[in-house]
Number of protein chains: 2
Amino acid sequence: MNQSGESLRDRKKRRTRAALERATVRLAAERGYDHVTVEEIAAEADVSVRTFFNYFASKDEALIGADPEAGPRMAERITSAADGVSPFEAYRQSVLAEITDELNNARDLWLLRKEVLMQRPDLLVRAFANSAESEQLLAAAVGERAGLPESHLYPRLVVAAGSAAFRCAVTRWALDDNVALGDLVGEALDLFGTGLVHVPPHHHEGGTS
Amino acid sequence: MNQSGESLRDRKKRRTRAALERATVRLAAERGYDHVTVEEIAAEADVSVRTFFNYFASKDEALIGADPEAGPRMAERITSAADGVSPFEAYRQSVLAEITDELNNARDLWLLRKEVLMQRPDLLVRAFANSAESEQLLAAAVGERAGLPESHLYPRLVVAAGSAAFRCAVTRWALDDNVALGDLVGEALDLFGTGLVHVPPHHHEGGTS
DNA sequence: CTGCAAACTTGCAGTGACTGCAAAAACCTC
DNA sequence: GAGGTTTTTGCAGTCACTGCAAGTTTGCAG
């Protein structure tokens with residue numbers, strides 16, 4: 001093995017994966033998601049179509065490029081939070097940390113994705129369909145912290161709320177350039193945290209509030 | 001036009017749609033969703049494949065059989081709720097009413113769908129991808145009642161919470177026969193209403209509640 | 001450096017969802 | 001029943017996605 005811990009092979013794999021993700025997002029933003037074929041994406045990334053499907057289970061997945069390690073990473077963050085932290089708060093922080101990291105690493109990709117998602121909001125919903133095992137993992141972590149049995153609604157609900165918050169935040173983000181995605185997700189999670197029976201106040205743009 | 005307001009044509013259309021939905025659910029429950037082709041479904045319902053796609057945009061849609069009138073109906077219920085009712089409560093009641101109706105009209109179909117969704121939970125998520133305009137409609141109704149602008153996060157979030165509640169409730173429902181789906185959705189919405197920072201108490205099975 | 005095994009890539013053939021189009025059939029109105 | 005409107009259908013075609021059986025590249029040990 002290499003002393004760096006990352007072999008030539010590993011490096012190549014990461015580069016290929018990134019190239020495919022990048023090609024998908026770029027082409028989709030450029031000429032519309034369904035005017036791009038997998039064949040074109042593969043060509044752009046200089047691999048065969050078959051290889052595309054070795055990396056991503058679907059075209060959708062390549063567009064969002066969900067990091068397969070994100071689930072475990074977030075679960076770890078939840079279980080290792082300090083003792084006094086509530087389950088919801090632990091989850092909230094883990095989501096926000098993940099988003100911040102992601103935006104720092106690939107802000108440009110997200111700006112392109114925004115273009116695509118503005119025209120096809122359903123793609124974002126579909127993207128979450130593939131993340132069932134991650135949700136399972138997170139729900140288990142939340143459940144453990146809450147001291148609730150596997151079967152209880154609450155942990156699942158917290159995680160589903162996270163997806164919903166992210167989804168709504170992105171939709172809203174796509175409408176207006178002057179907000180940070182992380183802030184929007186945070187705001188959405190706060191609303192879920194304090195309860196939807198409370199209608200939030202209406203912030204006026206020009207107001208000094 | 002017919003005095004009944006529903007012509008032969010209309011009746012046939014409704015019957016065909018129902019037959020396709022039924023065939024999809026039945027076959028999928030019987031031998032697994034992806035071991036059923038649209039060709040087989042169409043044959044079962046005695047129509048051509050092309051006709052299947054005149055009724056449903058996708059196989060997924062036929063499995064869930066989302067009533068296209070459900071969105072407008074729910075929106076109407078929200079806007080026409082009594083004056084003192086909060087936006088969230090109005091939404092909550094509209095969701096519960098819709099589910100009660102649906103279960104009364106097609107409980108058998110839902111029992112079969114349960115079988116399918118137990119093995120492929122992702123199908124439920126995907127089903128919501130197609131209901132973007134309905135969500136839009138509901139969000140507008142909630143927003144109006146809350147006196148918030150179109151662009152605000154809150155209405156979208158309420159509606160997304162509804163989807164999430166439904167999704168989690170169905171997942172939970174599929175695990176255990178002794179609960180009513182309506183109750184689970186109600187419970188989930190209550191948690192969203194009062195806020196996820198509050199960890200709910202753990203109900204023991206043997207309780208007499 | 002060589003040879004071997006494991007991992008990765010590729011082509012190919014095939015399945016099945018989904019679409020547009022134009023002709024045929026069914027229905028509705030008068 | 002003629003004539004206009006919908007609905008159904010068949011057909012040809014595109015594209016996502018899969019399994020399989022080579023081919024190629026990389027890792028490693030001798």
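Here is the naming used below: chain letters follow the sequence lines, and residue numbers restart at 1 for every chain. No hydrogens, no waters, no symmetry mates; every other heavy atom, side chains included, goes into these values.
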Asks: Tell me: CZ of Arg126(A) to P of dA16(D), nearest whole Å?
Replies: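 It is 12 Å, rounded to the nearest whole Å.
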Asks: Glu39(A) or Arg50(A): which one's nearest nucleotide on DNA chain D is closer to the 5' end?
Replies: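 Closer to the 5' end of DNA chain D: Glu39(A).
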Asks: Name the pairing partner of dG30(D), where a pair is Watson-Crick or G-U wobble with both distances under 3.5 Å, or state none.
Replies: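 Here dG30(D) is engaged in a pair, and the nucleotide opposite it is dC1(C).
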Asks: Phosphate oxygens OP1/OP2 of dG27(D): is one of them under 4.0 Å from a side-chain N or O of Ser7(A)?
Replies: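 It does, given that an N or O in the side chain of Ser7(A) lies less than 4.0 Å from OP1 or OP2 of dG27(D).
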Asks: Please report the distance, rounded to the nearest Å, between CG in Leu20(A) and P in dC17(D).
Replies: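 Between P of dC17(D) and CG of Leu20(A): 13 Å.
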Asks: Does dT8(D) have OP1 or OP2 under 4.0 Å away from a side-chain N or O of Tyr55(B)?
Replies: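 Yes, within the criterion.
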Asks: For Leu8(A) and dT24(D), give me the distance from atom CG to atom C1', rounded to whole Å.
Replies: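 Whole-Å distance recorded here is 14 Å.
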Asks: Measure from CZ on Phe52(A) to P on dC17(D) and round the result to the nearest Å.
Replies: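 Going from Phe52(A) (CZ) to dC17(D) (P), I get 7 Å.
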Asks: Can you find a side chain N or O atom of Lys12(A) that sits less than 4.0 Å from OP1 or OP2 on dT26(D)?
Replies: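 Yes, within the criterion.
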Asks: Identify whether any heavy atom of Val47(A) sits under 4.0 Å from a base atom; if not, whether one sits that close to sugar-phosphate; answer base, sugar-phosphate or nothing.
Replies: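 Touches sugar-phosphate only.
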Asks: Within this structure, what is the CD-to-C1' distance between Glu6(B) and dC27(C), rounded to whole angstrom?
Replies: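 That distance rounds to 14 Å.
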Asks: Can you check the Phe56(A) CZ to dC8(C) C1' distance for me, whole Å?
Replies: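 Spelled out: CZ on Phe56(A) to C1' on dC8(C) is 16 Å.
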Asks: Is Thr51(B) close enough to dT9(D) that one of its side-chain N or O atoms is under 4.0 Å from OP1 or OP2 there?
Replies: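 Yes, because at least one side-chain N or O of Thr51(B) sits under 4.0 Å from OP1 or OP2 of dT9(D).
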Asks: Under a 4.0 Å threshold between the charged nitrogen and the carboxylate oxygen, would Glu89(B) count as salt-bridged to Arg92(B)?
Replies: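 Salt bridge between Arg92(B) and Glu89(B), a charged N being under 4.0 Å from a carboxylate O: yes.
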Asks: Whole angstrom is fine here: how far is it from CG in Leu27(B) over to P in dG16(C)?
Replies: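 So the CG-P distance, Leu27(B) to dG16(C), works out to 14 Å.
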Asks: Would you sort out whether Thr79(A) and Glu144(A) count as a side-chain hydrogen bond (donor to acceptor under 3.5 Å, both in side chains), showing the intermediate values?
Replies: CA-CA 8 Å; Thr79(A) 47; Glu144(A) 188 195 330; 5.8 Å; no
Asks: Check the pair Gln136(A), Glu150(A) against side-chain hydrogen bond (donor to acceptor under 3.5 Å, both in side chains), reporting the backbone distance first and the verdict last.
Replies: CA-CA 10 Å; Gln136(A) 186 63 31; Glu150(A) 184 74 19; 3.1 Å; yes
Asks: Just to confirm, is there a sub-4.0 Å distance from OP1 or OP2 of dT9(D) to any side-chain nitrogen or oxygen of Ser48(B)?
Replies: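 Yes.
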Asks: How far apart are the closest heavy atoms of Ala161(A) and Phe192(A), and which atoms are they?
Replies: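 Where Ala161(A) meets Phe192(A) most closely, the heavy atoms are O-CE1, 3.4 Å.
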Asks: Can you identify which nucleotide, out of dT5(D), dT8(D), dT9(C), has its nearest atom closest to the Arg9(B) side chain?
Replies: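 Of all the options, the side chain of Arg9(B) is nearest to dT5(D).
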Asks: Within this structure, what is the CG-to-C1' distance between Asp34(B) and dC18(C), rounded to whole angstrom?
Replies: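 In whole Å, dC18(C) C1' lies 17 Å from Asp34(B) CG.
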Asks: Taking the six-membered ring of Trp110(B), is NZ or CZ of Arg113(B) closer than 6.0 Å to its centre and within 45° of its axis?
Replies: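 Yes, a cation-pi geometry holds between Arg113(B) and Trp110(B).
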